[in-house]
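Report on the following structure.
On a predicted model such as this, the values are computed, not experimentally measured, just so you know. Both backbone and side-chain heavy atoms feed into the values below; hydrogens, waters and symmetry mates do not.
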Amino acid sequence: MEESMVLLKKKLGFVYEKAEREIEEQILSGRLKAGDCVLSENALCATYGISRRSARTAIENLIRKGLLYRHPGKGTFVSSLKSGTGKRLAEYSIALIIPDISDPFILNICKGIQAASNHYNCNLVIKTSNGDIDRENQNIRYSIQKQEDAVIIFPNYGRFNIEELWKLKEADIPFVLIDRYFEDIETNYVCVDNVRGGFLATEHLIQCGHSKIAHLYGSHNSANDGRLAGYRQALSAYDIPCNEKWIRRFDSLAHPSGNSRFEPDMECGYANMKYLLALSDTPSAVFAGNDYQALGAIRAIQEHGLRVPEDISIVGFDELNFNPFLAIPLTTIRQPQYEIGRNAVEILLRILNGTAGTAPEHIVLPVTLVEGASCRKRIVKKQ
């Protein structure tokens with residue numbers, strides 16, 4: 001019985017190994033050149049008299065060797081080769097569409113994308129929209145027109161129109177969203193555990209003795225919605241009532257500069273904190289939806305004649321790289337920005353190389369609390 005099983009395995013191995021060996025010889029000898037489309041699985045079945053499964057095995061083995069690559073919807077092609085090494089050159093072109101290249105948070109994600117692209121020999125094309133949704137949509141349409149192999153998109157803040165994403169799907173171009181996603185379209189995405197981050201930030205303030213905690217919310221999207229949910233969960237877990245007046249939303253005021261394109265920034269944090277300080281019942285702590293809002297809030301507090309953290313404690317979100325150099329380094333939630341970018345590239349390569357699953361891939365990375373100097377345990381004065 002054991003002998004017959006060994007013979008069967010050898011026979012099954014031979015049926016696809018012959019096809020695999022002959023295609024490999026044709027590539028290494030130069031008869032099949034970089035960019036040439038190889039026979040389809042059906043054609044391999046007819047040529048070598050093998051099953052569809054055997055044809056697929058042969059192709060997948062050659063892909064693992066770096067000799068072939070799949071272009072979804074178009075076929076399987078011969079990889080570019082370095083002389084004598086059999087390794088791929090940059091046959092994949094990845095478009096990166098972002099709202100703003102100058103934002104340190106986005107820039108750190110871009111570093112992870114660039115490093116992964118270099119590591120995997122991909123050509124990276126960066127396109128910015130300067131916060132303009134129409135420009136972002138043009139960049140997506142241009143990527144379809146140029147037939148980029150794949151696309152990474154950091155959606156514009158407050159972006160709700162998803163028509164262009166459907167066009168990417170229809171064009172069969174793999175894409176991944178980073179930092180946020182949309183409920184009404186199923187896509188690959190990489191983000192962080194925003195709910196957990198909101199919970200950790202609020203819990204830290206509670207453990208410092210605060211119960212009057214405000215939240216500077218951002219524009220409506222999956223990331224900021226998650227942080228708000230975490231804020232509410234922490235208050236509930238510690239039996240602290242949620243004061244809706246202390247939740248300041250981006251759309252609750254006109255942007256001081258008249259620019260509504262971007263995520264709430266220092267100006268918004270400043271204006272919303274001014275509003276909170278004018279209330280008769282002022283919060284003693286603030287969870288800001290990002291570090292920019294936290295910095296704006298600190299300025300408003302100081303102008304009001306109060307101090308951080310002596311009078312009001314603040315927790316931010318992001319951990320921007322300049323945080324250690326601030327006069328009051330923020331207690332904040334650290335996002336693994338570099339890893340967001342790296343994971344986005346690796347999702348696309350799994351799709352392009354034919355090793356991805358059938359369902360869209362969702363990667364949610366963990367966050368951690370980083371203690372700075374913007375929080376202090378609340379001292380309750382004796383009456």
Side-chain angles (χ1 to χ4, degrees), residues 100 102-112 179 192-218 223-224 226-228 230-231 234 246 248 262-274 276-277 282-341 365-379:
D100 183 14
S102 65
D103 186 315
F105 174 70
I106 297 177
L107 189 59
N108 287 336
I109 293 176
C110 288
K111 287 179 181 177
D179 187 68
V192 301
D193 191 342
N194 289 290
V195 176
R196 178 65 177 161
F199 186 95
L200 288 175
T202 309
E203 182 182 54
H204 181 74
L205 291 169
I206 294 170
Q207 291 175 345
C208 285
H210 297 277
S211 59
K212 300 168 66 175
I213 303 169
H215 176 45
L216 303 183
Y217 175 77
N224 293 326
R227 295 169 200 181
L228 174 59
Y231 163 81
W246 290 341
R248 292 298 293 165
F262 293 109
E263 183 84 326
D265 54 15
M266 283 184 271
E267 289 181 281
C268 289
Y270 174 82
N272 273 322
M273 194 67 226
K274 294 276 280 187
L276 292 169
L277 290 169
T282 304
S284 66
V286 176
F287 163 40
N290 63 30
D291 285 350
Y292 293 116
Q293 290 192 87
L295 294 177
I298 290 174
R299 180 186 164 195
I301 291 166
Q302 291 172 337
E303 286 185 5
H304 201 73
L306 299 174
R307 299 167 299 166
V308 175
E310 291 84 355
D311 299 307
I312 298 180
S313 290
I314 292 186
V315 177
F317 204 109
D318 287 340
E319 199 204 20
L320 300 176
N321 51 13
F322 55 71
N323 188 41
F325 303 98
L326 296 174
I328 305 174
L330 290 169
T331 295
T332 187
I333 300 298
R334 174 183 292 153
Q335 293 200 59
Q337 298 155 34
Y338 186 93
E339 286 74 17
I340 291 172
L365 299 171
V367 295
T368 52
L369 179 84
V370 178
E371 292 195 47
S374 63
C375 291
R376 175 175 290 188
K377 285 192 177 294
R378 186 167 179 262
I379 301 173

Side chain to side chain contact (heavy atoms under 4.5 Å, CB included) with [X]: which of [options]?
| X | options | answer |
| --- | --- | --- |
| Pro336 | Ile109, Asn108, Leu365, Thr368 | Leu365 |
| Ile312 | Arg307, Arg376, Met273 | Met273 |
| His215 | Asn272, Leu228, Thr202 | Leu228 |
| Thr331 | Ser313, Cys375, Cys208 | Cys375 |

Check your understanding: With under 30° as parallel and over 60° as perpendicular, where do the rings of Phe322 and Tyr292 fit, or are they tilted in between?
Key -> tilted

Hey, could you give me the [atom1]/[atom2] distance between [X] and [Y], rounded to the nearest 0.5 Å?
| X | Y | atom1 | atom2 | value |
| --- | --- | --- | --- | --- |
| Leu326 | Thr332 | CG | OG1 | 10.5 Å |
| Leu295 | Gln293 | CG | CD | 10.5 Å |
| Phe317 | Leu369 | CZ | CG | 10.5 Å |
| Phe105 | Asp179 | CZ | CG | 4.5 Å |
| Glu303 | Leu277 | CD | CG | 10.0 Å |
| Arg196 | Glu203 | CZ | CD | 6.5 Å |

Find out whether [X] and [Y] are in side-chain contact, i.e. whether some heavy atom of one side chain is under 4.5 Å from a heavy atom of the other.
| X | Y | value |
| --- | --- | --- |
| Val192 | Ile333 | no |
| Lys111 | Gln337 | no |
| Trp246 | Leu276 | yes |
| His304 | Thr282 | no |

Short side-chain to backbone donor-acceptor contact, [X] and [Y], under 3.5 Å:
| X | Y | value |
| --- | --- | --- |
| Asn194 | Gly197 | no |
| Ser374 | Ile314 | yes |
| Asp318 | Leu320 | no |
| Arg227 | Gly289 | yes |
| Asp291 | Glu319 | yes |
| Asn323 | Leu330 | yes |

Check your understanding: Does Phe325 CZ have over 12 foreign heavy atoms under 6.0 Å away?
Key -> no

Review point. Taking it one step at a time, do Asn224 and Tyr217 satisfy side-chain contact (heavy atoms from CB on, under 4.5 Å)?
Key: CA-CA 7 Å; Asn224 293 326; Tyr217 175 77; 3.9 Å; yes

Revision key, fill the gap. Taking every heavy atom of Ala294 against every heavy atom of Gly316, the minimum-distance pair comes out as CB-CA, 4.2 Å

